[in-house]
Amino acid sequence: QVQLVESGGGLVQAGGSLRLSCAASGRTFSRYRMGWFRQAPGKEREFVAAIDWSDGATYYADSGKGRFTISRDTAKNTVSLQMNSLKPEDTAVYYCAARSSSYYAVRPNLYEYWGQGTQVTVSS
């Protein structure tokens with residue numbers, strides 16, 4: 001059974017940084033794409049970034065390019081999202097997700113496994 005557990009959220013001032021982590025367990029993720037999504041109150045869940053577990057190739061939504069960095073540690077089975085230059089509009093619940101495919105996807109319904117989410121609040 002796949003489990004994804006996020007951590008690292010919190011309250012930060014605009015311009016600050018946070019690092020989110022996702023601990024993955026339950027199977028070998030070598031053929032998986034791991035993603036980060038976020039959902040703000042009253043809005044749909046949106047794609048933030050994704051990474052290929054095997055080769056580390058990355059893909060970003062425009063909202064995070066140049067500010068966010070996704071990475072993975074295959075030895076520790078973790079996926080991280082380093083977020084710099086945070087803005088109030090980055091405030092949301094951030095979710096880790098896993099997709100058993102070699103193709104990138106930005107639609108949430110194409111990811112099979114989800115974590116419980118971690119709250120990120122950026123104050124102005």
Side-chain angles (χ1 to χ4, degrees):
Q1 181 179 354
V2 173
Q3 274 199 315
L4 303 174
V5 180
E6 302 97 334
S7 60
L11 173 64
V12 64
Q13 287 190 329
S17 299
L18 278 176
R19 185 176 181 87
L20 307 182
S21 290
C22 172
S25 62
R27 65 184 57 194
T28 302
F29 292 93
S30 57
R31 297 183 183 274
Y32 276 66
R33 295 283 170 133
M34 307 298 290
W36 284 98
F37 288 76
R38 67 186 183 185
Q39 188 166 18
K43 294 189 176 182
E44 293 187 350
R45 192 167 296 189
E46 66 172 0
F47 172 78
V48 175
I51 189 166
D52 185 295
W53 189 273
S54 60
D55 65 10
T58 57
Y59 184 74
Y60 295 92
D62 288 343
S63 60
K65 282 181 182 176
R67 299 189 300 127
F68 296 176
T69 303
I70 188 171
S71 61
R72 91 274 189 247
D73 185 328
T74 56
K76 295 181 179 179
N77 260 23
T78 58
V79 178
S80 298
L81 184 69
Q82 176 68 42
M83 304 186 294
N84 299 327
S85 303
L86 283 162
K87 307 173 183 179
E89 51 264 43
D90 294 318
T91 295
V93 177
Y94 282 71
Y95 296 91
C96 177
R99 166 176 160 82
S100 58
S101 169
S102 57
Y103 297 98
Y104 285 118
V106 300
R107 288 164 49 191
N109 64 334
L110 295 179
Y111 285 75
E112 296 133 88
Y113 305 102
W114 292 85
Q116 82 288 351
T118 185
Q119 177 70 47
V120 171
T121 304
V122 184
S123 63
S124 57

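Rounding to the nearest 0.5 angstrom, the gap separating the OG atom in S63 from the CZ atom in R38 is 4.5 Å. How far OG of S54 is from CZ of R31: 8.5 Å, rounded to the nearest 0.5 Å. Separating the CG atom in D73 from the OG1 atom in T78 is a distance of 4.5 Å, to the nearest 0.5 Å.
For R33 and Y104, the positive end sits near the middle of the six-membered ring, less than 6.0 Å away and at most 45° from its axis.
Using a 3.5 Å distance cut-off with no hydrogens or angles, the side chains of Y111 and R99 do not pair a donor with an acceptor.
Across every non-hydrogen atom of M83 and V120, the tightest pair is CE-CG2, 3.9 Å.
A single hydrophobic cluster is seen to contain both I70 and L86, as judged by linkage of ILVMFWY side chains at heavy-atom distances under 4.5 Å, directly or through other members. Cluster annotation: F29 is connected to W36 through the hydrophobic network of ILVMFWY side chains, with a link wherever side-chain heavy atoms come within less than 4.5 Å.
Residues T91 and Q119 meet the side-chain proximity criterion, which asks for heavy atoms closer than 4.5 Å. Proximity of T69 to Y60: side-chain heavy atoms (C-beta onward) are separated by under 4.5 Å at one or more points. Inter-residue side-chain proximity for S71 and Q82 is flagged as unmet; no heavy-atom pair is nearer than 4.5 Å. Residues L4 and C22 form a side-chain contact, since some pair of their non-hydrogen atoms from C-beta on lies under 4.5 Å apart.
Salt-bridge formation is not detected for the pair D90/K87: no Lys NZ or Arg NE/NH1/NH2 atom is positioned less than 4.0 Å from an Asp or Glu carboxylate oxygen.
Checking side-chain atoms of Y59 against main-chain N and O of A105 turns up no donor-acceptor pair under 3.5 Å. Under a 3.5 Å cut-off, the side chain of N77 and the backbone N or O of S25 do not form any donor-acceptor pair. Judged by distance alone, with hydrogens and angles left aside, the side-chain atoms of E6 form a donor-acceptor pair with the main-chain N or O of Q116 at under 3.5 Å.
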